[in-house]
Structures are given as C-alpha cells and as structure tokens.
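What follows is a single structure, written as structure tokens, with notes after it.
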There are 2 protein chains.
Amino acid sequence: MEITQGIIRRLNEAGLKITPQRVAVMQTLCKLRMHPTAEELFAEVSKTIPGLSPTTIYNTLDTFVEKGLIKRVKTDADVMRYDAITEHHHHLYCAVSDRMEDYFDNELDEMLSAYFERKQINGFKVSDIRLQLMGDFSERKTTQ
Amino acid sequence: MEITQGIIRRLNEAGLKITPQRVAVMQTLCKLRMHPTAEELFAEVSKTIPGLSPTTIYNTLDTFVEKGLIKRVKTDADVMRYDAITEHHHHLYCAVSDRMEDYFDNELDEMLSAYFERKQINGFKVSDIRLQLMGDFSERKTTQ
DNA sequence: CTTTAATTTGTATTTATTACAAACAAGTTT
DNA sequence: AAACTTGTTTGTAATAAATACAAATTAAAG
C-alpha cells in the first residue's frame with residue numbers, strides 16, 4: 001500500500017524502528033480527520049492490533065511528538081488531542097459539538113507575521129502564532 | 001479593604017452567597033498575575049483558610065466560570081489554569097519557563113474581526129478569536 | 001433567632017497519564 | 001541465516017487531576 005510506504009519512510013527518517021504498532025497509530029491518526037484523544041486512538045488502533053496496550057499508545061504518541069511527526073492540541077475544556085498535520089495551521093473549535101478542525105490560511109499568516117514584526121511586544125519574542133477560532137459548524141451546508 | 005468590597009459586589013451581582021472561601025479564591029486569583037492551576041490556588045488560599053478542602057477549590061472555580069467571573073485557560077502541554085480577567089484578550093506563552101501572561105491588543109482585534117468579516121470560512125461561524133503567542137520572555141529587560 | 005437553601009467538607013471514585021521491569025521484536029553484525 | 005544488541009511493547013501498579021456524593025455547616029432571608 002502506497003500510504004504505508006510513506007509512513008515507513010517518515011518513521012525511518014526520524015530514526016525510529018518500524019513496528020506494526022507505530023505504523024498503525026500513524027495510519028489511524030492520518031485517517032481520522034478530527035483530532036482524536038489517546039483513548040480514541042487506542043480503541044481504533046486496537047481493531048488492527050488486538051493485544052495492544054494503552055501504554056503503547058501513550059509511548060508512541062510521545063515519541064512522535066518528540067520527533068516532530070505529530071502535534072499536541074488541546075482546547076480549554078478538554079483532554080489532550082493529537083494532530084498528524086505538523087505544518088503551521090490553526091484550529092476551528094465548536095464547543096457545542098466538541099468538534100475541532102484544522103484551518104489553513106496563508107493570507108492570514110502573512111498578515112499576522114507582518115503585524116508582529118511591526119508591533120513588538122515588551123520583550124517577548126514571538127516565535128509562533130496560533131489561532132483558535134471558536135464558533136459553530138451548524139451553518140455548514142455541505143459535508144465537505 | 002476596598003478590593004474585597006469589589007469582589008463582594010461582583011459575587012452578589014452573580015447571585016452567589018458571600019463566603020470566606022469564595023472571597024479568598026477570587027482575591028488570590030486577582031493577586032496572582034500568572035494563571036494559577038487549581039492546585040496552586042489550593043496551596044495559596046489554604047494560607048488564609050486553613051481547613052480548606054480541595055473540592056471547594058474545584059467547586060468554586062467551576063461556579064465562577066459558570067457565572068462568567070473567571071475564565072479557563074489551557075496550553076497544549078498543560079493542566080487547566082484559571083484567569084480572573086474575563087475581558088477579551090490573548091495569551092503569551094513561554095514553554096521554557098512554563099509562564100503565561102495576558103496580552104491585550106485592540107488594534108489586533110479590530111484587524112482580525114475585519115479580516116474574518118471579509119473572509120468567510122466554509123460554513124463555520126466565528127464567534128471568538130483567541131491567539132496563543134508562543135515565544136519567550138528571556139529578552140525582557142525590565143520586570144514590568 | 002429560626003429557618004431554609006446553598007455551600008463546604010471529606011471520603012471515595014473515576015479518568016488520564018506515567019513509571020517501571022520483564023518480555024519481545026527490529027534490524028544490524030557476523 | 002543465526003545470533004546479538006538495542007529499542008519497543010506489554011502489563012501491572014502508581015500517580016495526578018478532577019468529580020460524585022452524602023453529611024455537616026453556614027449565609028442570609030424572614
């Protein structure tokens with residue numbers, strides 16, 4: 001399978017051994033478009049790897065975060081979540097449905113970095129700007 | 001004490017009974033400029049209220065959040081924190097020192113709301129925009 | 001001062017996460 | 001390909017943060 005090859009390559013590049021558990025975690029994380037919790041991942045990955053231990057999920061996720069393969073995400077009233085997309089992006093979060101989605105916007109990023117280049121903050125050096133857009137998905141017409 | 005009067009007034013307005021525990025929690029929360037965790041608050045408030053129960057801290061904080069007197073804050077790799085300032089604002093967060101500070105910026109807010117008024121997101125209705133500015137405080141010259 | 005309803009306490013429990021040692025498997029070396 | 005070495009997984013046990021709940025207590029209204 002093509003996708004699996006890509007995952008194996010990325011794990012190799014990170015200097016990690018290729019194990020069925022790691023491949024399955026990464027595959028699942030890429031497949032689930034939302035940002036699953038460790039528990040959700042455990043449930044889902046267990047379908048593929050029956051004897052899987054919850055500890056492995058935590059270990060694997062920590063290792064991936066360490067190597068920069070995935071990112072941690074958390075809302076103000078929520079448990080830790082994980083995101084396979086490590087490119088710079090923001091999040092849309094709807095408290096009603098407890099749903100979170102990625103949001104990419106280059107124009108916005110350029111506007112913001114220009115802004116903070118101009119407007120310095122009293123001795124705080126900004127290295128990353130993350131937006132959390134609170135709101136709701138209810139208005140959505142299509143399922144896209 | 002003047003500050004205590006203000007707190008009592010705010011609790012009254014929220015329809016809450018005035019208890020030493022609540023007053024002390026709110027005072028402490030206003031005093032600690034950082035965003036303390038429930039545990040930090042428990043330790044601090046216990047100095048004033050010796051027999052204090054941890055449960056009371058959680059109860060009180062939940063009640064305050066419910067009434068809009070305080071806000072919850074959380075970083076991606078962190079435990080729940082609380083913030084006595086409920087006006088719209090953003091956060092500066094330094095992972096190295098695990099330190100978080102409030103950041104107010106009207107010009108930024110106006111720019112962002114204008115931006116999202118113009119640029120609609122596919123069916124997502126934005127109701128609040130929160131920035132987390134990652135970076136570091138090490139450059140700071142004065143202690144202000 | 002009495003009453004009533006809200007609040008606090010304390011214990012017990014749950015949930016998310018981490019620690020750790022033993023068993024195991026990946027991938028390298030011979 | 002077999003053996004080795006090191007990294008990984010497992011499972012149990014422990015910890016930490018937060019919650020549930022019933023009994024005791026207290027605020028504030030009458």
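Chain letters run A, B, ... following the sequence lines, proteins first and then strands; every chain starts at 1. Quick caveat: nothing in here was measured; it's all calculated off a predicted structure.
- The shortest heavy-atom contact between B:Glu44 and B:Thr28 is CG-CG2, 3.3 Å.
- D:dA18 atom C1' lies 12 Å from atom CG of B:Leu61, rounded to whole Å.
- With rounding to whole Å, A:Glu40 atom CD is found 15 Å from C:dT15 atom P.
- Between D:dT9, C:dT8, C:dA26, one nucleotide has an atom nearer to the side chain of A:Asn59 than all others, and that is D:dT9.
- Here C:dT15 presents its P atom at 15 Å from CZ of A:Phe42, a figure rounded to the nearest Å.
- DNA chain D is contacted by both B:Glu39 and A:Pro54; A:Pro54 maps to the nucleotide lying nearer its 5′ end (nearest heavy atom per residue).
- Atom pair B:Asn12:CG and D:dA27:P shows a separation of 14 Å (rounding to whole Å applied).
- The CG-C1' distance, from B:Leu52 to C:dT8, rounds to 9 Å in whole Å.
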Please assess B:Gln21 against B:Thr60 for the test side-chain hydrogen bond (donor to acceptor under 3.5 Å, both in side chains), listing each intermediate value before the final yes or no. CA-CA 8 Å; B:Gln21 289 87 345; B:Thr60 304; over 6 Å; no
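- A:Ala38 and A:Ile57 get closest at one heavy-atom pair: O-CG2, 3.6 Å.
- For A:Ile49 and D:dG11, the CD1 to C1' distance is 17 Å, given to the nearest whole Å.
- Atom OH of B:Tyr58 is separated from atom C1' of C:dT14 by 13 Å (rounded to the nearest Å).
- Under a 3.5 Å cut-off, the side chain of B:Glu40 and the backbone N or O of B:Thr37 do form a donor-acceptor pair.
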Verdict with reasoning, B:Gln132 to A:Gln132, per side-chain contact (heavy atoms from CB on, under 4.5 Å): CA-CA 8 Å; B:Gln132 193 170 295; A:Gln132 195 170 294; over 6 Å; no
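- The minimum heavy-atom distance linking A:Pro36 with A:Leu29 is given by the pair CG-CD1, 3.6 Å.
- Summarising the geometry of A:Ile18 relative to A:Ile8, their closest heavy-atom pair is CD1-O, 3.7 Å, with the distance given to 0.1 Å.
- Closest contact between the side chain of A:Ile18 and the listed nucleotides C:dT8, C:dT9, C:dG27 involves C:dG27.
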Take nucleotides 2-7 of chain C nucleotide by nucleotide from the 5' end and write B, S or -, depending on whether a protein heavy atom sits under 4.0 Å from the base, only from the sugar-phosphate, or from neither. ---BSS
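- The nearest whole Å value for the distance from the CD1 atom in A:Ile57 to the C1' atom in D:dG11 is 15 Å.
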